[in-house]
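One-based numbering along the sequence shown.
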Amino acid sequence: MAAPRIVTVFGATGAQGGSVAAALLADGSYTVRAITRDINKAAAVQLKTAGAQVVCADLDNETSLESALTGAHSAFVVTNFWEHFNKDKEIEQGKRIADMSKRLGLKHVVFSGLENVKKLTGGKLEVLHFDGKGEVEEYFRAIGVPMTSVRLPSYFENLQTFFRPTKASDGESYNLAIPMGDILLDGMSVADLGPVVASILKCPAKYIGKDIGLSTDKLTVAQYADIMSKVTGKTIKDAKISLDAYRNLGFPAAQELANMFEFYQMKPNRNVDLTLELNPKAKKFAEWMQQNKDGFKDL
């Protein structure tokens, strides 16, 4: 019997890569090569215990990328703009992986991509953490790497961090400050990405060359707030904040996130039916809230 195909998983100790590594290990059809910069961190040790090959590599180091990808059949690739806030660096990292994938003859790369908003809008709108990934998507295809792009929506998990409800001026209720008006906002749990990628890897002929917009729910901000209220027992309301007001909030990523929401208002393609076909157990928001309500108990 032939040895299981090696799938290299970048960011294997992070949210996206960790979900993918866990799903592939649970599937059991592959040898999972988990890539991390620190093989001694707890998450890396857990992956090794679970049966993964844990390999140290850095997206800025070409030699380490060669070690990460040599002998691999496929790979899941994720880059992290938020680590350095530098679009050009994210593009360089993505192209470096693409070039190595091409040179080593990988048969399928699943890339965590996003739209090139600047290109789509003719330069009218720039979303740096989208645009860099969009350029990398284009580059993978330009050099002939067999690639599927998975484009995630807003994570439900971000409601525990970036977009966590804040105390309103009345001192009792909470505001959910997301500038979407009454336009539906796509979302999913990043933990549900792994089985999606596993399904894609099993059907390369069907998905190579495709951009797959992921989502498990389409809700207004008021609907997100209503579900959060019912689960937490707190009164959470849509703050009805405008894009301009969000841009002026003053924190470092305010402009970037406001531009992202402006793009989301244009309703980019996110396909709930396909997402649930690829991962039938992926959670709707109400189910995710029930399972994660302890993360909001200190509101």
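- What you find for I143 and D99 is that their closest heavy atoms are CD1-OD1, 3.7 Å.
- Y139 carries K95 over the face of its six-membered ring, with the cationic atom under 6.0 Å from the centre and within 45° of the normal.
- Both I178 and L243 sit in one connected hydrophobic cluster of ILVMFWY residues. Membership requires side-chain heavy atoms under 4.5 Å apart, directly or through other members.
- Taking D88 as the reference, nothing meets the salt bridge (Lys or Arg N to Asp or Glu O under 4.0 Å) condition, with sequence neighbours excluded.
- Ring geometry for W82 versus H129: interplanar angle of 30 to 60°, hence tilted.
- Taking a cutoff of 4.0 Å between a charged side-chain nitrogen and a carboxylate oxygen, R96 and D58 do not qualify as a salt bridge.
- For the salt bridge (Lys or Arg N to Asp or Glu O under 4.0 Å) test, residues two or more places apart in sequence or in another chain that qualify with D211 are R141, R151.
- In summary, E115 and R270 engage in a salt bridge, as defined by a charged side-chain N under 4.0 Å from a carboxylate O.
- Salt bridge status for E83 with K89: absent, with no side-chain N to carboxylate O gap under 4.0 Å.
- For the residue pair Y155 and Q16, a side-chain donor N or O sits within less than 3.5 Å of a side-chain acceptor on the partner.
- Using a distance-only test at 3.5 Å, with no hydrogens or angles considered, a donor-acceptor pair links the side chain of S199 to the main chain of L278.
- Proximity of a side-chain donor or acceptor of T13 to a complementary backbone N or O of A44 within less than 3.5 Å is not detected.
- Between the S19 side chain and the A191 main chain, a donor and an acceptor come within less than 3.5 Å of each other.
- Ring geometry, F285 versus Y224: the interplanar angle exceeds 60°, so the pair is classed perpendicular (tilted spans 30 to 60°).
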Apply side-chain contact (heavy atoms from CB on, under 4.5 Å) to residues L47 and L25 and explain how you reach the verdict.
CA-CA 9 Å; L47 283 167; L25 286 165; 4.0 Å; yes
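- Relative orientation of the F130 and F263 rings is perpendicular, given thresholds of 30° and 60° on the angle between their planes.
- The pair K283-D217 does not meet the salt-bridge criterion, since no charged nitrogen lies less than 4.0 angstrom from a carboxylate oxygen.
- A donor-acceptor contact shorter than 3.5 Å links the side chain of Q223 to the backbone of T220.
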